[in-house]
> 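Once you've had a glance at the structure underneath, I'll fire off some questions.
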2 protein chains.
Amino acid sequence: MTEILRPIGSIYRALDAIANREFQQVKLAKGQYLYLARIAEHPGIIQDHLATMVKVDRTTVARSVKKLEQQGLVEKRPDETNRKIRRLYVTEAGADVYPLVQRENAYSNGVALKGLTVEEATTLATLLEQVAGNVAADWERVKQGQTRHY
Amino acid sequence: MTEILRPIGSIYRALDAIANREFQQVKLAKGQYLYLARIAEHPGIIQDHLATMVKVDRTTVARSVKKLEQQGLVEKRPDETNRKIRRLYVTEAGADVYPLVQRENAYSNGVALKGLTVEEATTLATLLEQVAGNVAADWERVKQGQTRHY
DNA sequence: GCGATTATGTTGTATTTGCAACATAATTAA
DNA sequence: TTAATTATGTTGCAAATACAACATAATCGC
């Protein structure tokens, strides 16, 4: 069978390391750029959904978002009707940092796609979305404690 | 520009989390499956090259491999001519664990490719290899301390 | 309506991770 | 040959990460 996991791993680890290093300049800790961007793009999202969206452990997201809050980049607001959830929004300061994240990500994306035609890039994106969909279900199952049987 | 980084991130984090969880059964700590597999496939590889290959920080690889050694899954042998490097090999115990890593990875790969035709999978793999190549150079530059200019 | 289950959030704790900084062998340059 | 640079390896340390366990609000099933 065609192997796709290894190049995906290489691409991810390389670009994630670069991103984390770059964002130290704006005092973002490892991983925080991910959450900041998603919150900026999905105002009012709650932590658990954020975790599911990015596929990171709930408790990791919880602590990282708490830190974003302490840094004044994100705020948690109570919901009108649901007393348990806290909705997430970027603050003004957070809104200032977000474009830097976008710019870095766009740059990395450009590096990644260098030498591919527009059609190739589109094909790649489409196939990756499909794969991401396939994998999401498995992740949620395992996160809920189910074990695989080979 | 077409966005490919996010699905790649989702796929990676989801499958990496699953893999790490599965491999707890064979007492592999987070990340160790990566190194064990590469050492099994490249007998005699040295730590630094392993780090470059998988795109993980040198010092992280160093500690993870040290632990593999302490667990008796990998051994470090001196080189004939070079007194500094230590060549890595899987032990018999390590050779027993390696197929389990292969099996899990193959399973995940299958989940990932579900619903894609053989041609689509091949296309995807080819494009991903190209992207991985593009990204590798950037990673090494940043790891050597060079900063990007946007 | 009420009990059971699920969803959401938090904290404790052990571990991995990665940047700095260092040590020294090997290689390159002069 | 020797000095400078690079390659390889390690350790200190601060921080992120993730599993387990818990708390409680919300929702579901009856």
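Please read all numbers here as calculations on a predicted model, not as lab measurements. Residue numbers start from 1 in every chain, and the chains themselves are labelled A, B, ... in the order their sequence lines are given, proteins ahead of strands.
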> Round to the nearest Å and state the distance from A/Gln146 atom CD to C/dT6 atom P.
12 Å
> Using a 4.5 Å cut-off between side-chain heavy atoms of Ile, Leu, Val, Met, Phe, Trp and Tyr, which other residues end up in the same hydrophobic cluster as B/Leu68?
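Members besides B/Leu68, by chain and number: B/Phe23, B/Val26, B/Leu28, B/Tyr33, B/Leu34, B/Tyr35, B/Leu36, B/Ile39, B/Ile45, B/Leu50, B/Met53, B/Val54, B/Val56, B/Val61, B/Val65, B/Leu73, B/Val74, B/Leu88, B/Val90, B/Val97, B/Leu100, B/Val101.
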> Would you say a side-chain N or O of B/Arg58 is under 4.0 Å from OP1 or OP2 of C/dG18?
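Negative; the distance criterion is not met.
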> Quickly work out the B/Glu80 CD to C/dA26 C1' distance and round it to whole Å.
17 Å
> Does any non-hydrogen side-chain atom of A/Arg6 lie less than 4.5 Å from one of B/Arg38?
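Touching, per the 4.5 Å side-chain cut-off.
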> Specify the closest pair of heavy atoms between B/Glu22 and A/Tyr150, including all atoms of both residues, with the distance to one decimal.
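Taking B/Glu22 first and A/Tyr150 second, the nearest heavy atoms are OE1-OH, 3.2 Å.
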> Please figure out whether A/Ile46 or A/Asn20 has its closest DNA chain C nucleotide nearer the 5' end.
A/Ile46
> Ignoring hydrogens, what is the shortest heavy-atom contact between A/Ile4 and B/Ala112? Give both atom names and the distance.
CD1-CB, 4.1 Å
> Please list, in 5' to 3' order, the outermost nucleotides of DNA chain D lying under 4.0 Å from any heavy atom of chain B.
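Terminal contacting nucleotides, 5' to 3': D/dA7 to D/dC19.
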> What is the per-nucleotide protein-contact pattern of nucleotides 11-17 of chain C, from the 5' end, where B denotes a base atom under 4.0 Å from a protein heavy atom, S denotes such proximity for sugar-phosphate atoms only, and - denotes neither?
BBB-SSB
> Rounded to whole Å, how long is the line connecting atom CD of A/Gln144 with atom C1' of C/dT5?
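Answer to the nearest Å: 13 Å.
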> Measure from NZ or CZ of B/Arg77 to the centre of the six-membered ring of B/Tyr89, then state whether that distance is under 6.0 Å and the direction lies within 45° of the axis.
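Relative to the ring axis of B/Tyr89, which defines the angle, B/Arg77 lies inside both limits.
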> Reading DNA chain C from 5' onward, which residue's closest nucleotide shows up sooner: A/Arg21 or A/Arg86?
A/Arg86
> First locate atom CG of B/Asp79, then atom NZ of B/Lys84, and finally report the distance between them rounded to the nearest 0.5 Å.
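So the gap between those two atoms works out to 13.5 Å.
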> For A/Asn82, which contact category applies under a 4.0 Å heavy-atom criterion: base, sugar-phosphate, or nothing?
sugar-phosphate
> Mind listing the closest non-hydrogen atom pair of B/Ser108 and A/Leu5 along with its distance?
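Closest pair (atom of B/Ser108, atom of A/Leu5, distance): CB-CD2, 3.8 Å.
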> Is any side-chain heavy atom of B/Gln32 closer than 4.5 Å to one of B/Gln71?
yes
